[in-house]
Amino acid sequence: MPELPEVEVVRRGLESGVVGGTIERVHVRHPRSVRRHVEGAADFEQQLADQRVVGARRRGKYLWLALDSGDAVLGHLGMSGQLLVRPRAAPLERHLRVVFELSEGRDLRFVDQRTFGGLLISREGAELPREMSHIARDPIDPEFDEAAFYAAVRRRRTGVKRALLDQTLVSGIGNIYADEALWAARLHYARPTETLRRSEVERLLDEVRAVMTRALAEGGTSFDALYVNVNGESGYFDRSLAAYGRRGEPCPRCGTPIRRDAFMNRSSYTCPRCQPRPRRGRW
DNA sequence: GCTTGCGCCTGAATGC
DNA sequence: TGCATTCAGGCGCAAG
């Protein structure tokens, strides 16, 4: 599934393949994909006709196309979304949801098997759509405020992984990268945030950045810039993950079998030896 | 105000 | 073999 590095790869592809072009027409083939556009699918189609694309931007896992009108097309890929630039004559994808017909015979296609993703028009949202004002900066954003993040984390009364997944505190981190960074930083997911030391939070953020940077480097070279494979788990994950999805396999650091716990209706993978579960009064 | 948990969705994998 | 169930996940929103 697309996490921040994959979304950034898509953004770069849009920058080179779509920015500067004009949207001639739009077809919404599945209304659920524009469910957050409250004026409806017909309005979505009408408002975007003849609009020129002047930028491709990102915050966390959200992407938006800035339009010369000052509006923006805001999108999230959800679990299975893809944005593809294709010749208009190319065969239609099975889960094609929205088609933007661009100038020069090309399409921008939103393909999304599970329809957790979606698109909407943000009025005057070209710089920063108001719909995502609650989304924090991501850890590889130069303006990410580490001191403010640490202060906010300390105020929380929750576990450290819940904080990592909370997009209002820090954006762009999904379940996979959370587990990988926690493993690298030797922190258990249930560690209470109010007990975290500054140095531990710094180490954790460093590991988040490291896993994202690695994925970005690999993702940028191993995929067509506009194609992120989401049907099979993206290939490079299997090669480079230390903990996530590896139940029963040896921890790459100490050899102890990785364990899987149910967590927030999903999974958490830890090394029981490197990442011992915190006990009251002992960290 | 803060924290937690549900429901959305599809298809592959698993279970009987 | 075939049908039914489980699982995966990000996000918005309701409930606690």
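Within every chain, numbering begins at 1; the chains are lettered A, B, ... in the order of the sequence lines, protein sequences first and strands thereafter.
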### Query
Base, sugar-phosphate alone, or nothing: which one does A:Tyr62 contact when heavy atoms must sit under 4.0 Å apart?
sugar-phosphate
### Task
Select base, sugar-phosphate, or nothing to describe what A:Arg35 touches, counting heavy atoms under 4.0 Å on all strands.
nothing
### Task
Can you label the angle between the A:Phe149 ring and the A:Phe144 ring as parallel, tilted or perpendicular, going by 30° and 60°?
tilted
### Task
Tell me which nucleotide among C:dG12, B:dG5, C:dA8 gets nearest to the side chain of A:Ser267.
C:dA8
### Residue closer to the 5' end of DNA chain B, A:Arg157 versus A:Arg266 (nearest nucleotide)
A:Arg157
Report yes if a side-chain nitrogen or oxygen of [X] is closer than 4.0 Å to either non-bridging phosphate oxygen (OP1 or OP2) of [N]; otherwise report no.
X: A:Thr158; N: B:dT4; value: yes
X: A:Arg32; N: B:dC8; value: no
X: A:His76; N: C:dG12; value: no
X: A:Arg114; N: C:dC7; value: no
X: A:Asn175; N: C:dG10; value: no
X: A:Gln167; N: C:dC11; value: yes
X: A:His134; N: C:dG12; value: yes
X: A:Arg94; N: B:dG11; value: yes

### Task
Mind checking the CZ-CG spacing from A:Phe110 to A:Leu77? Nearest 0.5 Å is all I need.
6.0 Å
### Query
Out of curiosity, A:Glu207 CD to A:Arg209 CZ, how far, rounded to the nearest 0.5 Å?
10.5 Å
### Message
I'd like to know if A:Arg155 reaches the base of B:dG1 with its side chain, counting only an N/O donor and acceptor under 3.5 Å.
### Response
no
### Query
Just wondering, do A:Gln113 and A:Gln82 contact through their side chains at under 4.5 Å, heavy atoms?
no
